[in-house]
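Atoms considered below: every heavy atom in the structure, side chains included; atoms not considered: hydrogens, waters and symmetry mates. These figures come from a predicted structure and were not determined experimentally.
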Amino acid sequence: MNKLFAVLLWALASVFVLILVTLPISQQAHLIAGTAVVVAMALLKAFKPTGIWRPIALALGTSIVLRYVYWRTTSTLPPINQPENFIFGLTVYLAEMYCVCMLALSLFVVSSPLPSRVAPRLRDEELPSVDVFVPSYNEGAELLARTLAAAKGMDYPPDKLHVYLLDDGGTEQKRNAQNIESATEAQQRHAELKSLCAGLGVHYLTRARNEHAKAGNLNNGLAHSSSEIVVVFDADHAPARDFLHCTIGFFKDHPKLFMVQTPHFFLNPDPVERNLRTFQKMPSENEMFYGIIQRGLDKWNASFFCGSAAALSRAALAETGGFKGRSITEDCETAMELHARGWHSIYVDKPLIAGLQPATFASFIGQRSRWAQGMVQIFLFQRPFMKRGLSISQRICYMSSIMFWFFPVARLIFLIAPMFYLFFNLEIFVASGQEFLSYTLSYMFVNLMMQNYLYGSYRWPWVSELYEYAQTLYLLPALISVLMHPTKPTFRVTAKDDSVAESRLSEIAWPLFAFFCVMLAGIAMTVFRFIEQPYKADVTIVVGLWNILNVLLAGCALGVVSERGERQSTQRVKADRRCELTFGETTVSAMIENVSAYGAGIRLVGPVKGLSRDSHLRIRFTPLTKLDGDPELPVVVRRMDTNAGTTTVGVRYLTTEPVHYRLIADLLYANSDRWTAFQAGRRYNPGLVRGTIWFYALALKQTIRGLVYLYRASVPARTASVAPQKSAGEPT
C-alpha cells in the first residue's frame with residue numbers, strides 16, 4: 001500500500017511539473033524564473049547542501065532543463081522544407097538531447113550515492129582461502145616484482161593466500177614462434193619470471209596459446225587454482241596490506257555476493273594532469289567515477305567489475321564459465337552477466353591499491369579507445385537495456401555507463417555547430433539572439449550547478465569538457481570502427497611504465513592544432529559577419545561567443561598535447577619511516593621521508609663523514625610485513641644536500657634479491673591511509689565562479705604554451721629545409 005501511494009505521489013508530481021514546463025510564458029518571464037532558480041540553487045548549496053534540500057535543488061534545476069527542452073523542441077527547429085537548415089539544425093538538437101539524457105541518467109545514478117561500506121572483520125579461522133591473480137603480457141620484471149611483492153605482503157594467513165603471476169608473454173605459442181627474435185625474447189622472459197616468482201614465493205603460470213586476451217588468461221588461472229575467493233590485480237596495481245581485510249569479510253554474510261570492487265588510485269598523474277600541472281591540487285579524472293558514480297551504482301546493485309582491485313567469488317564465476325571475453329572489456333561484461341543471474345555486488349570507497357597511469361598522451365588515448373570500443377561492443381552484443389534478469393534500475397545504470405562513451409559524437413557537433421552559421425549562413429536555431437541568451441544561459445547555468453551538486457569536490461567546473469574535447473577527435477574513429485565492425489577490435493595492453501624524457505609535442509597532436517586553427521578562423525569570420533551584416537548582429541554575437549568558448553577549450557587542449565619532460569619516472573610518496581643507514585663500518589639513525597618505485601629521500605641529522613655521491617649504503621627498517629631474518633635494502637647515493645645542520649640524500653635502490661622488492665613494496669604500498677589522505681588533500685570545491693575563472697585563466701596560459709611547443713617543434717624542420725648543400729669537394 002505504501003509503495004502504491006509513493007508511485008501515485010510521484011506520478012502526480014510529474015504531471016504537475018509537465019504542466020508547469022509547458023505553460024506558455026513570455027521570454028522575460030522565463031528569464032526571471034531561470035534567474036530565481038539559479039539563485040535558489042546557489043542559496044541551497046551554500047546553506048543546505050545535504051539531506052532533503054539536495055533533491056529539492058536538483059528538482060528545481062530539472063524544471064529549467066525541461067523548460068529548455070520544451071522550447072528547443074517546439075520553437076527552434078528549422079522548417080523541414082529547408083533541408084540544408086533542417087538537417088544541420090536537427091543534428092545539433094539531437095546532440096543536445098543526448099546531453100539531457102545523460103544528465104537524466106546521472107541524476108538517477110548519483111543523486112544520492114551510498115556511503116562507503118566497511119567490511120566485518122573475521123577471525124583467522126573464518127577467513128576463506130584466496131587466490132590472487134596478476135595477469136601480465138609485456139610488463140617488465142621490475143614492475144611485476146613490486147606488484148607481486150605487495151600482494152605477497154598482504155595481511156592474511158599465509159596458508160590461505162596463494163599469489164599467481166599469469167604470464168601471457170611467455171606462452172608456448174610465443175616461445176615457439178617462427179620469428180627467432182620474438183621466440184628468444186619470450187624464452188628469456190619465461191625463465192626470468194619463473195626465477196622471480198620462485199624467489200618471491202608466488203606461483204608462475206602460463207598457457208599454451210594466447211587466446212581470448214586477458215579473459216582467457218584469467219580463466220586459465222581459474223583452471224589451475226581452487227580457492228573460494230579470486231582477487232585480481234593488474235600488473236601495475238600493487239595492493240596495500242589491508243586490502244583483503246577491507247573486502248573479504250563481506251562474503252561471509254552475503255551468499256549471493258559475486259564481487260567487492262575497490263577504487264583505482266594512481267601514484268602518477270595522467271598526461272592531462274602532468275602537462276597542466278594539476279595533479280597535486282585538483283582531483284584526478286577517475287575520482288569522479290570511483291568517488292561518486294560507483295557509489296551511486298552500488299545503491300542500485302549495479303557497481304561493476306573494473307578489471308582490477310576486486311575480490312570475486314569462484315562459485316559465481318563458475319556459473320558463467322569464468323570471465324566473459326566476447327568484448328574487449330571483459331570486466332564490465334562479466335559483471336553484467338552475473339548481475340543478470342541474480343548475483344550482487346558491493347563497492348568499497350577506500351583506495352587499497354596504487355597503480356600507474358599512461359604517461360604519454362598517445363598511450364592515454366589508446367587506453368580510452370579500448371574502453372570506448374569495449375563498452376560499445378557490450379551495447380551491441382548484450383543489449384543491456386533489454387537483457388533478461390537485470391532489474392530496471394540495473395538496466396538504467398549499465399546504459400548510463402555505456403552511453404557515456406558516445407560523447408565524441410555530441411562534442412564534435414558542438415565544436416563545429418558555430419561554423420555552420422559563420423561560414424555557410426545555415427540557420428541551425430530559429431530564434432533571436434535575445435531568445436537564445438534567455439533560454440540557453442539559464443539552461444547552462446543550471447546545468448553547471450547541477451553538476452556541481454552531483455560531483456562537488458570530485459570534479460571541478462569545465463574539467464570534464466576539457467577531457468572530453470581532448471579525446472573526441474581520436475575516439476570518434478574508434479567508435480565508427482566498432483559500430484561498423486563490432487568484432488574487429490582486439491585487446492591491447494596499455495603501456496604504463498613509459499615516460500617522457502624530453503619536452504615535446506605528442507606524436508598525435510596535429511588534429512587538435514588543426515581544429516584550433518579552424519576555430520580561430522571562426523573568430524575572424526564573426527568579425528566579418530558583424531561588419532557586413534549588422535542587421536544580424538545579435539545572432540552573430542551569440543554564435544561568436546559560443547565559438548570563443550570553444551577556442552578557449554581547444555587552446556587548453558594544446559597544453560594537454562604539449563608533453564612536459566620529467567626527470568622522475570615515478571612520483572614520490574610521503575613515507576616518514578625511521579631507519580638505520582650503514583656504510584662501511586658506520587651506522588647512523590635517519591628518517592625515510594619519501595619513496596618512489598626506484599628510490600627514496602632520506603634525512604640525517606648533521607653532516608656525516610665519509611658519505612658522498614655514489615656511496616653504497618644499506619637501509620634497515622622495521623617492515624610492516626613480517627619477513628624472515630633482518631633484511632637490508634642496498635642503495636646508492638645519487639644526490640646529497642646539507643643545509644642548516646641537516647643532510648638530505650636521494651638514493652636509488654640496488655635490487656639484487658627478491659627480498660629487496662618485499663622491502664620496497666612495504667615502504668611504498670603497505671599503508672593505504674597515505675593514499676586516502678592524499679586524495680582528501682585535493683578534494684575541495686572551488687565553486688562555479690572561482691572554478692570558471694581558474695579554468696579559463698589556465699586555458700589562456702596553456703594556449704600560449706602549446707603554441708610555443710609548436711614553434712619549437714617546427715624550428716628544426718625549417719632549419720633542415722634551408723640548410724646549404726655541401727659541394728662535392730667539401731669534407732663531411
Kindly list each side-chain donor-acceptor pair under 3.5 angstrom involving residues 524-535, sequence neighbours excluded, with atom names and distances?
unit_1 : atom_1 : unit_2 : atom_2 : d
Thr526 : OG1    : Gly522 : O      : 2.8
Arg529 : NH2    : Asn425 : OD1    : 2.6
Arg529 : NH2    : Gln533 : OE1    : 2.9

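- Applying the side chain to side chain donor-acceptor pair (under 3.5 Å) test to Tyr469 and every residue at least two apart in sequence or in another chain returns nothing.
- For Tyr98, the ring pair (Phe, Tyr, Trp, His ring centres under 6.0 Å) test picks out no residue, with sequence neighbours left out.
- Side chains of Ser345 and His339: a donor on one and an acceptor on the other come within 3.5 Å.
- At least one donor-acceptor pair closer than 3.5 Å links the side chain of Trp460 to the backbone N or O of Tyr684.
- Remark: the backbone N or O of Leu479 is not paired with any side-chain donor or acceptor of Trp405 at under 3.5 angstrom.
- Separation of the Tyr474 and Phe361 ring centroids falls under the 6.0 Å cut-off.
- For residues 273-283, the pairs satisfying salt bridge (Lys or Arg N to Asp or Glu O under 4.0 Å) are Arg274-Glu563, Arg274-Glu566, with sequence neighbours left out.
- Within the structure, side chain to side chain donor-acceptor pair (under 3.5 Å) pairs that include any residue of residues 439-449 comprise His30-Ser442, Tyr443-Asn447, Asn447-Gln451 (at least two apart or interchain).
- Counting only N and O atoms by type, the side chains of Lys350 and Ser116 include no donor and acceptor under 3.5 Å apart.
- No hydrogens or angles considered: nothing links the side chains of Ser303 and Gln261 as a donor-acceptor pair under 3.5 Å.
- In the model, Arg370 has no side-chain atom that pairs as donor or acceptor with a side-chain atom of Gln367 under 3.5 Å.
- Under a 3.5 Å cut-off, the side chain of Ser400 and the backbone N or O of Ile396 do not form any donor-acceptor pair.
- Taking 4.5 Å as the limit, every side-chain heavy atom of Cys397 sits out of range of all side-chain heavy atoms of Phe304.
- Under a 3.5 Å cut-off, the side chain of Gln373 and the backbone N or O of Ala478 do form a donor-acceptor pair.
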- Report the C-alpha distance between Phe266 and Phe678 in whole Å, list the side-chain angles of each, state the deciding distance to 0.1 Å, and finish with yes or no for ring pair (Phe, Tyr, Trp, His ring centres under 6.0 Å). CA-CA 11 Å; Phe266 298 102; Phe678 176 76; over 10 Å; no
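- For the 3.5 Å distance criterion, the side chains of Tyr453 and Ser111 fail to qualify, holding no donor opposite an acceptor.
- Side-chain atoms of Arg411 never come within 3.5 Å of backbone atoms of Gln471 as a donor-acceptor pair (strictly under, hydrogens ignored).
- Under the rule for a side chain to side chain contact (heavy atoms under 4.5 Å, CB included), the partners of Glu96 that lie at least two apart in sequence or sit in another chain are Tyr68, Arg72, Val92, Phe414, Phe429.
- When ring centroids are compared, Tyr696 and Trp462 come within the 6.0 Å threshold.
- Outside the 6.0 Å centre-distance limit, the rings of Phe379 and Phe404 are not counted as a close aromatic pair.
- The closest donor-acceptor contact from the side chain of Asp349 to the backbone of Thr262 lies at 3.5 Å or more, if one exists at all.
- Side-chain atoms of Glu287 come within 3.5 Å of backbone N or O of Ser284 as a donor-acceptor pair.
- Cation-pi geometry between Arg459 and Phe289 is not met at under 6.0 angstrom from the ring centre and within 45 degrees of the axis.
- Between the side chain of Asp270 and the main chain of Gln357, no donor-acceptor pair closer than 3.5 Å is present.
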